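In the text below, chain A, chain B and the rest are named by the order of the sequence lines, each starting its count at 1. Fair warning: this is a prediction, and the values are worked out from it, not measured in the lab.
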Protein chains: 2
Amino acid sequence: MRCENCNPVFDEKTKDQQRGQMVLGEIAQPAKKQDNQQEIIEAAAHCFMRHGLEKATMTDIADHLGATKGRVYHHFRSKNAVFFAVYRQAMVFCFEAVEPLMAQDLPAADRLFRMAEAHAHVMMDTLPYQRSIRIGVEIYLRGSTTEADRTVLRELIEMRNRYEHLFREVLAEGQADGSLSVTDVPLAGRALIGALNGLVDWFRIRPDQPQSERDHIARTLSATILDGLRS
Amino acid sequence: MRCENCNPVFDEKTKDQQRGQMVLGEIAQPAKKQDNQQEIIEAAAHCFMRHGLEKATMTDIADHLGATKGRVYHHFRSKNAVFFAVYRQAMVFCFEAVEPLMAQDLPAADRLFRMAEAHAHVMMDTLPYQRSIRIGVEIYLRGSTTEADRTVLRELIEMRNRYEHLFREVLAEGQADGSLSVTDVPLAGRALIGALNGLVDWFRIRPDQPQSERDHIARTLSATILDGLRS
DNA sequence: TAAAACATACTACCGGGTATGATGTTTCGG
DNA sequence: CCGAAACATCATACCCGGTAGTATGTTTTA
């Protein structure tokens, strides 16, 4: 039987779990179901990263789990739903890493630096997720047949906008407290995000990669965009 | 009849036309054929941008030309071949705009600034091409069944590497002449390219958009990455 | 007039989605 | 405490729409 009232977390917006505020451990049962879904999501992220959104088939995802399509379709209505779940998870990772840093009692320039560092780390640490969502967004929006899909996508895109707005906020604060010299806040934000998101394109995970390398990348990248290249 | 010895420019690597050094106007015949192909390539770029690589069907491309699949398949062996052509064209645009600027007799920092500006302009002016190729690259490489396809893709990727190397060259020169302060040249190059390529993600073409807006974007973006955000 | 440049009609196949069955696992009345 | 219904979780088998590619016919051009 199709699990109709399966945890609808990733199918529709649930107000009480915005950005991972999830109250876990209430019961053992839903937690396990959550884990099963999460496992699928992770497999999907890997497949999306390797083969792209369309080339990655549902069977691929299932194979990656040592399972069949039946399992995936039991937890997700459609392939789009799976992608949406990956997308939301990627954004949750970003928010959890960056948003707390905004409250620090520092000059805006220093806060921005730490936020940039954190964002870079998230890009590298959750690479499969971030690569997946970078591909098709408004593309998917055009392709989405059902209105429900488009609604979910709009919500996700708005989530992304909220996230990028965090950086613009700090940029504006830096303009105010004088620690930053920004003429065009939106454009500066685009430049910052662009330089960091570029990681998703060129960064490659190697098994023997020490943590220090990622630290160096995050630090150098953030320093470059903050201090510039000119001497 | 299938045009077997159709201008194989976009099917296989031809040594004599590296980076748009094409000697045009030799005969009238190939020039016209070239134009026909170019028209298809442009239509494909538009469709790839709108619907994504896979969702864009060959019929879509043909429809965009007011033609049918027959025309496309007469000039290109496969859908992959069309994508490869779009890819190469995109890179040619980049080379033509940026490479000449390297010879200018200026401090490296200033040359880099102009190169960045030029690159930004290319991103905006040839948006459909640039968006198309940003999607599937090594993704396509994995998906490519035939060895011939993979060979072409490797060549294209190497073309891209050569292009990005231009910026690293200037960065190294700036390190030498003291106009730039760069500790990690490759990383600095990634940051620069990333910030500029981000354009492809967020820039939207509007019909009433004055040229001055693109100029402002290119200038501000380049200035931001060169001079940094900190005051 | 022959070849190039298309259009038309058709096939083969892949992949998303579904219907159904098999196997645990929880729940609950007695 | 027990046994069966209800349910959750997956596997299997199948359908079917869409699309890349082909084979062939038709028109245009040099």
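Set against D:dC10, D:dA20, C:dG16, the side chain of A:His75 has D:dC10 as its closest nucleotide.
Annotation: side chain to side chain donor-acceptor pair (under 3.5 Å) contacts of B:Arg168 (sequence neighbours excluded): none. Evaluation of the salt bridge (Lys or Arg N to Asp or Glu O under 4.0 Å) rule for A:Glu147 yields A:Arg150, A:Arg154 as partners, not counting sequence neighbours. Listed by chain and number, the residues in a ring pair (Phe, Tyr, Trp, His ring centres under 6.0 Å) with B:Phe203 amount to none (sequence neighbours excluded). A:His64 pairs by the ring pair (Phe, Tyr, Trp, His ring centres under 6.0 Å) definition with A:His46, not counting sequence neighbours.
Taking atom OH of A:Tyr73 as the reference point, atom P of C:dG21 lies 21 Å away to the nearest angstrom. Remark: P of D:dT22 and CZ of B:Phe76 are 16 Å apart, rounded to the nearest angstrom. Whole-Å rounding puts the B:Glu54 CD to C:dG16 C1' distance at 15 Å. For the pair B:Asp35 CG and C:dA4 C1', the computed distance is 16 Å after rounding to whole Å. For the pair A:Asp149 CG and C:dG17 C1', the interatomic distance rounds to 14 Å; values are reported in whole Å.
A close approach under 4.0 Å does occur between a side-chain nitrogen or oxygen of B:Asn36 and OP1 or OP2 of C:dC6. Note on B:His74: every side-chain N or O is 4.0 Å or more away from OP1 and OP2 of C:dC6.
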Below 3.5 Å, can you tabulate the donor-acceptor pairs from side chains in residues 121-129 of chain A to any protein atom, sequence neighbours excluded?
from: A:His121; atom 1: NE2; to: A:Asp215; atom 2: OD1; distance (Å): 3.3
from: A:Asp125; atom 1: OD1; to: A:Arg214; atom 2: NH1; distance (Å): 2.6
from: A:Thr126; atom 1: OG1; to: A:Val122; atom 2: O; distance (Å): 2.7
from: A:Thr126; atom 1: OG1; to: A:Gln130; atom 2: NE2; distance (Å): 3.0

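Annotation: proximity of residues 58-71 of chain A to DNA chain C (heavy atom, distance under 4.0 Å) is found for A:Met58, A:Lys69, numbered in ascending order.
Side-chain contact between B:Gln38 and B:Gln89 is present, with at least one heavy-atom pair separated by less than 4.5 Å.
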